[in-house]
Amino acid sequence: MRIAASTVTLPKTTRLKREFYNREPIRVARECLGKVLVHGETAGRIVEVEAYLGQDDRAAHAWSGVTKRTEVLFGPPGHAYIYFIYGMYECLNFVAEPEGRAGAVLIRALEPLAGIEQMRKRRPAAKRVEDLASGPGKLTQAMGITRRLNGCDLVTGELEVRAFNGEAKPEIAVTPRIGITHCADWPLRFLIRGNKFVSGKPIHI
DNA sequence: CAATAGATCATCT
DNA sequence: GATGATCTATTGC
């Protein structure tokens with residue numbers, strides 16, 4: 001794929017439909033790998049995600065039930081759940097499962113594909129392209145995703161998720177989730193094996 | 001390299 | 001009032 005200063009040529013892609021998200025979060029998480037997140041002129045390939053299992057998962061925000069913050073999680077699938085954390089950062093999730101259940105997928109890292117100059121402006125701390133979106137707080141910054149987009153419909157709204165037509169399934173590595181204290185040993189983090197744009201070190205096992 | 005402190009505030013107890 | 005699905009800069013080996 002070619003990258004230019006302000007415009008990009010991506011191979012043909014198709015936007016994901018509602019049914020993609022209307023499944024159990026582990027399934028959605030694994031299938032998100034290799035898909036493309038698009039916002040404005042920026043785009044990135046999803047290379048790392050985590051599954052959150054809703055009310056049965058002590059580490060999930062949905063664990064404490066429906067609140068002002070979590071109502072999007074309990075809503076219909078295919079919407080963005082974006083929350084503010086550590087007084088400074090915002091994290092992007094895709095809402096999975098039917099309305100009433102609160103499974104979600106945390107997007108943890110992207111391989112930048114388009115709008116890289118804009119990403120660099122938004123993230124002056126990043127020295128290398130590999131640092132632009134290699135973490136949940138970094139990728140929202142790089143792509144200009146804020147709480148303004150909480151509840152945004154991924155199927156029809158300004159935030160898009162697309163699949164490369166005919167792309168082979170990537171090889172997936174599995175680890176425990178990062179940065180949580182509860183259920184810290186559950187194997188719910190999924191990455192593209194060997195990819196250089198993941199958070200932390202690449203995993204090739 | 002690895003370990004750690006500090007930034008900073010919405011949310012829930 | 002404490003905590004948190006994080007990141008960066010700095011310190012020390």
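Owing to the predicted nature of the structure, the values given are computational and were not obtained by experimental measurement. All values below come from the heavy atoms of this structure, side chains included, with hydrogens, waters and symmetry mates left out. First the proteins, then the strands, lettered A, B, ... as listed; each starts at 1.
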Fill in: First encountered from the 5' end of DNA chain C, between Pro136(A) and Gly87(A)
Gly87(A)
Worksheet item: Can Tyr86(A) be classed as stacking with the base of dG4(C), given a centroid separation cut-off of 5.5 Å and a plane angle cut-off of 30°?
Response: no
Worksheet item: Closest approach of Val47(A) and Val198(A), non-hydrogen atoms and distance?
Response: O-CG1, 3.8 Å
Item to complete: Find the distance between CE (Met88(A)) and CD (Gln141(A)) and round it off to the nearest 0.5 Å.
Response: 10.0 Å
Item to complete: Using whole Å, report how far CD1 of Ile178(A) lies from C1' of dA5(C).
Response: 10 Å
Practice prompt. Consider the side chain of Arg108(A), meaning its heavy atoms from C-beta on, and name the nucleotide among dT6(C), dT13(B), dG4(C) that approaches it most closely.
Written response: dT6(C)
Worksheet item: dA2(B) phosphate, OP1 or OP2: any side-chain N/O from Lys201(A) under 4.0 angstrom?
Response: yes
Worksheet entry | Whether over 12 other heavy atoms sit under 6.0 Å from Arg177(A) CZ | yes
Practice prompt. Round to the nearest Å and state the distance from Trp63(A) atom CH2 to dG4(C) atom C1'.
Written response: 14 Å
Practice prompt. Taking the side chain as every heavy atom from C-beta outward, state whether Leu16(A) and Leu154(A) have any atom pair closer than 4.5 Å.
Written response: no
Practice prompt. Quick one: label Ile180(A) by what it contacts on the DNA or RNA (base, sugar-phosphate, nothing), any heavy atom closer than 4.0 Å.
Written response: sugar-phosphate
Worksheet item: Any side-chain N or O of His61(A) less than 4.0 Å from the OP1 or OP2 oxygen of dT11(B)?
Response: no
Fill in: Same-atom distance (P) from dA5(B) to dT3(C), integer angstrom
16 Å
Item to complete: Rounded off to whole Å, could you give me the CE-to-C1' distance for the Met88(A) and dA5(C) pair?
Response: 16 Å
Item to complete: Among Ile107(A), Ile178(A), Val105(A), Leu191(A), find the one that has a side-chain contact (heavy atoms from CB on, under 4.5 Å) with Glu50(A).
Response: Ile178(A)
Worksheet item: Does a nitrogen or oxygen in the side chain of Arg123(A) sit under 4.0 Å from OP1 or OP2 of dT8(C)?
Response: yes
Discussion item. Taking the minimum atom-to-atom distance to the side chain of Phe84(A), which one of dA10(B), dT6(C), dT8(C) wins?
Written reply: dA10(B)
Worksheet item: Starting at NZ of Lys127(A) and ending at P of dA9(C), how long is that distance when rounded to a whole Å?
Response: 6 Å
Item to complete: Give a yes or no on whether the backbone of Ala142(A) and the side-chain of Arg123(A) come within a donor-acceptor separation of less than 3.5 Å.
Response: no
Item to complete: May I ask you to say what Arg177(A) touches in the nucleic acid, namely base, sugar-phosphate or nothing, with a heavy-atom cut-off under 4.0 Å?
Response: nothing
Worksheet item: Counting any heavy atom closer than 4.0 Å, what does Lys68(A) reach on the DNA or RNA strands: base, sugar-phosphate only, or nothing?
Response: nothing
Worksheet entry | Residue closer to the 5' end of DNA chain C, Ala125(A) versus Ala62(A) (nearest nucleotide) | Ala62(A)
Discussion item. Can you see if the side chain of Thr67(A) gets near the phosphate of dC12(B) - specifically, an N or O under 4.0 Å from OP1 or OP2?
Written reply: yes
Item to complete: Specify the separation, in whole Å, of atom CD1 of Ile82(A) and atom C1' of dA5(C).
Response: 14 Å
Worksheet item: Over how many whole Å does the gap from Glu90(A) atom CD to dT6(C) atom C1' extend?
Response: 12 Å
Practice prompt. Please evaluate the base of dA10(B) for a donor-acceptor partner in the side chain of Tyr83(A) within a cut-off of under 3.5 Å?
Written response: no
Item to complete: Could you state the atom-to-atom distance from CG of Leu188(A) to P of dA5(C) in whole Å?
Response: 14 Å
Discussion item. Can you measure Arg147(A) atom CZ to dC9(B) atom C1' for me and round it to whole angstrom units?
Written reply: 9 Å
Worksheet item: Watson-Crick or G-U wobble partner for dA10(B), using a 3.5 Å limit on both distances?
Response: dT3(C)
Response to the item:
Out of dT6(C), dT8(C), dT11(B), minimum distance to the side chain of Tyr89(A) belongs to dT6(C)
